[in-house]
Amino acid sequence: MRVRLGHSDLSVRPIGLGLMGMSQFYGSADPDASVATIRDAIEWGVDFLDTSDYYGASSATPGQPVPGFGHNEGLLGRALEGRREKVVLATKFSARPTPEGKSVFDGSPEYVKAACEASLRRLGTDRIDLYYYHRLDPRVPIEDTVGAMAELVAEGKVRALGLSEVDSEVLRRAAAVHPISGLQSEYSLWERGIEAEVLPQCRRLGITLVPYSPLGRGMLAGGFRRGATFGLDDFRSTLPKFQGENFEHNMRMVDALREFCAGRQHTPGQVALAWLLAQPHEVVPIPGARRMARVRENFEATSVPLSADDVAHLAGIFDPAQVKGGRYGALNVARTGSES
């Protein structure tokens with residue numbers, strides 16, 4: 001089984017691999033172990049790999065290179081040596097950290113091209129299969145940014161275009177300039193904000209949805225217990241859903257998910273991914289994983305049978321009105337200037 005990415009000629013297996021956690025956000029990771037996991041995943045059959053030039057970046061000093069900027073792409077470039085033709089490679093541009101600890105987004109046509117060239121070098125390839133605009137630059141019309149991205153397609157440096165975390169109107173405007181093959185947005189059993197407007201627009205425009213954090217940043221995998229805490233180097237320590245009473249409340253929904261899995265031969269994480277695959281739209285979730293055992297477990301969600309009643313029951317367990325806590329906290333908004 002394969003999923004076509006939008007109107008492009010790219011197709012992938014139904015579950016990919018998100019690499020962000022190999023460079024930042026969820027505590028330290030061993031680069032060599034990460035490279036080994038990526039290589040093993042490719043040999044095992046995972047063929048859709050997702051990264052960004054931003055993953056690994058920290059605040060910069062004026063006039064100096066950004067520490068860690070491009071780290072994740074560099075890891076992937078190492079892992080792809082001798083394996084490039086086996087995968088569909090996706091990366092992103094626009095986000096950059098500042099010395100003040102915030103992030104800025106650059107969608108200028110000049111930066112689009114410069115960022116692409118730098119990513120190609122780090123990845124050790126002559127083309128990017130799916131190139132995403134990571135976050136919108138409010139100073140630049142979407143038409144100008146996508147127009148510059150389209151020139152990269154014409155030059156053969158990029159095969160297909162994607163956007164990340166945009167609303168339905170931006171999707172429409174972007175697609176009027178050049179076909180958009182993928183939209184990357186947070187989507188899972190416990191984060192369903194795109195269902196009302198964005199998903200219907202994807203269907204109208206023939207855009208494949210690529211859900212990130214499809215396991216609720218690990219919550220839906222069922223491994224946390226009440227009273228769990230997260231270190232300062234763990235992004236979840238800043239997220240409202242993982243704080244105090246919100247966390248304890250949300251854990252009751254996860255308990256219900258565990259109960260649903262009781263007696264079945266599938267884990268909570270596999271069922272959560274299967275729920276996404278059962279939606280009436282082309283989706284390719286990209287769960288993150290650092291260990292090969294977790295990669296295999298996630299991919300085996302493709303064989304989890306769910307009836308229509310199961311899908312509705314699971315959606316009811318995680319009724320959006322009952323999930324407590326927003327997607328991001330005040331610290332994240334202060335850093336990025338937005339809630340996305």
Side-chain angles (χ1 to χ4, degrees), residues 1-6 11-18 46 48 50 165 168 171 182-224 241 246 249-289 294-327:
M1 176 181 175
R2 302 188 67 79
V3 179
R4 186 178 178 184
L5 298 179
S11 67
V12 297
R13 299 182 76 180
I15 293 178
L17 176 61
V46 176
F48 187 38
D50 183 270
E165 292 287 358
S168 59
L171 270 178
L183 172 69
Q184 190 169 130
S185 286
E186 184 175 357
Y187 186 47
S188 68
L189 270 170
W190 83 337
E191 180 49 61
R192 314 248 285 279
I194 66 171
E195 288 183 338
E197 297 181 2
V198 173
L199 263 179
Q201 185 74 293
C202 285
R203 294 188 189 105
R204 286 190 289 269
L205 297 171
I207 298 171
T208 299
L209 180 69
V210 181
Y212 73 82
S213 297
L215 295 176
R217 304 187 187 278
M219 187 71 150
L220 302 178
F224 299 139
K241 285 189 174 87
N246 289 348
H249 171 87
N250 294 332
M251 280 294 297
R252 290 198 286 272
M253 301 179 192
V254 178
D255 288 343
L257 174 61
R258 290 195 191 99
E259 291 174 9
F260 177 88
C261 296
R264 298 171 182 250
Q265 301 302 310
H266 308 292
T267 66
Q270 289 173 332
V271 168
L273 290 171
W275 181 86
L276 282 172
L277 297 177
Q279 298 307 302
H281 184 75
E282 295 287 3
V283 300
V284 185
I286 49 169
R294 185 69 72 183
V295 173
R296 286 193 295 267
E297 177 186 327
N298 290 340
F299 198 83
E300 288 167 0
T302 57
S303 62
V304 174
L306 292 180
S307 68
D309 286 344
D310 290 335
V311 172
H313 177 68
L314 290 165
I317 290 174
F318 290 90
D319 179 348
Q322 298 302 314
V323 177
K324 287 193 175 182
R327 288 180 62 199

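Counting begins at 1 with the first residue of the sequence. The figures that follow rest on heavy atoms only: side chains count, while hydrogens, waters and symmetry mates do not.
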Can you find a heavy atom in the side chain of N250 that is under 4.5 Å from one in the side chain of M253? yes
From CG (L220) to CH2 (W275), nearest 0.5 Å: 10.0 Å
side-chain contact (heavy atoms from CB on, under 4.5 Å) with A289: which residues, sequence neighbours excluded? L17, R294, V295, N298
Which pairs of donor and acceptor atoms, one on a side chain in residues 317-324, lie under 3.5 Å apart (sequence neighbours left out)?
| residue | atom | partner | partner atom | Å |
| --- | --- | --- | --- | --- |
| D319 | OD1 | A321 | N | 3.0 |

Is any side-chain heavy atom of H266 closer than 4.5 Å to a side-chain heavy atom of P305? yes
Nearest heavy atoms of A278 and V311, plus distance in Å: CB-CG2, 3.7 Å
Rounded to the nearest 0.5 Å, how far apart are CG of L209 and CD1 of I194? 4.5 Å
With sequence neighbours left out, which residue pairs that include part of residues 183-197 fulfil the salt bridge (charged side-chain N to carboxylate O under 4.0 Å, His left out) condition? E186-R217, E186-R327, E191-K241, R192-E195
So, for N246 and G325, which heavy atoms are closest and what is the spacing to 0.1 Å? ND2-CA, 3.7 Å
Does this structure show an ion pair linking D255 with R258, if we count only N-O contacts that are shorter than 4.0 Å? yes
Atom pair CG/OG of L276 and S188 - distance to nearest 0.5 Å: 7.0 Å
Residues L306, L314; criterion side chain to side chain contact (heavy atoms under 4.5 Å, CB included); working and verdict: CA-CA 10 Å; L306 292 180; L314 290 165; 4.1 Å; yes
In the structure I gave you, are the side-chain heavy atoms of Q279 and L199 within less than 4.5 Å of one another anywhere? no
Which heavy atom in L215 sits nearest to a heavy atom in G269, and how many Å separate them? CD2-O, 3.4 Å
Flag side-chain contact, heavy atom, 4.5 Å: T267 against E297: yes
Is there a side-chain contact between E165 and Q184 (heavy atoms, below 4.5 Å)? no
In chain order, what residues pass the ring pair (Phe, Tyr, Trp, His ring centres under 6.0 Å) check against H313, with sequence neighbours excluded? F260
The criterion is salt bridge (charged side-chain N to carboxylate O under 4.0 Å, His left out); which residues satisfy it with R264, sequence neighbours excluded? D310
Write down the atom of G6, the atom of T208, and the distance for their closest heavy-atom approach. N-OG1, 2.8 Å
What I'd like to find out is whether the side chain of F48 reaches to under 4.5 Å of the side chain of V210, using heavy atoms alone. yes
Starting from the C-alpha separation in whole Å, work towards a yes-or-no answer on side chain to side chain contact (heavy atoms under 4.5 Å, CB included) for L277 and I15. CA-CA 9 Å; L277 297 177; I15 293 178; 4.1 Å; yes
One should read off an interatomic distance between I207 CD1 and L171 CG, to the nearest 0.5 angstrom, of 4.5 Å
Testing the basics here: between A196 and P200, what is the closest heavy-atom pair and its distance to 0.1 Å? O-CG, 3.5 Å
A side-chain contact here means heavy atoms from C-beta on lying under 4.5 Å apart; do V254 and F224 qualify? no
Looking only at non-hydrogen atoms, find the nearest pair between V3 and P14 and report the distance. CG2-CA, 4.1 Å
Could you give all pairs that pass the salt bridge (charged side-chain N to carboxylate O under 4.0 Å, His left out) test and reach residues 265-283, with sequence neighbours left out? none
Report yes if some heavy atom in the side chain of Q270 is under 4.5 Å from a heavy atom in the side chain of C261; otherwise report no. no
Could you walk me through whether R2 and R13 satisfy the side chain to side chain contact (heavy atoms under 4.5 Å, CB included) test, starting with their C-alpha distance in whole Å, then the side-chain angles of each, then the deciding distance to 0.1 Å, before giving a yes or no? CA-CA 5 Å; R2 302 188 67 79; R13 299 182 76 180; 3.6 Å; yes
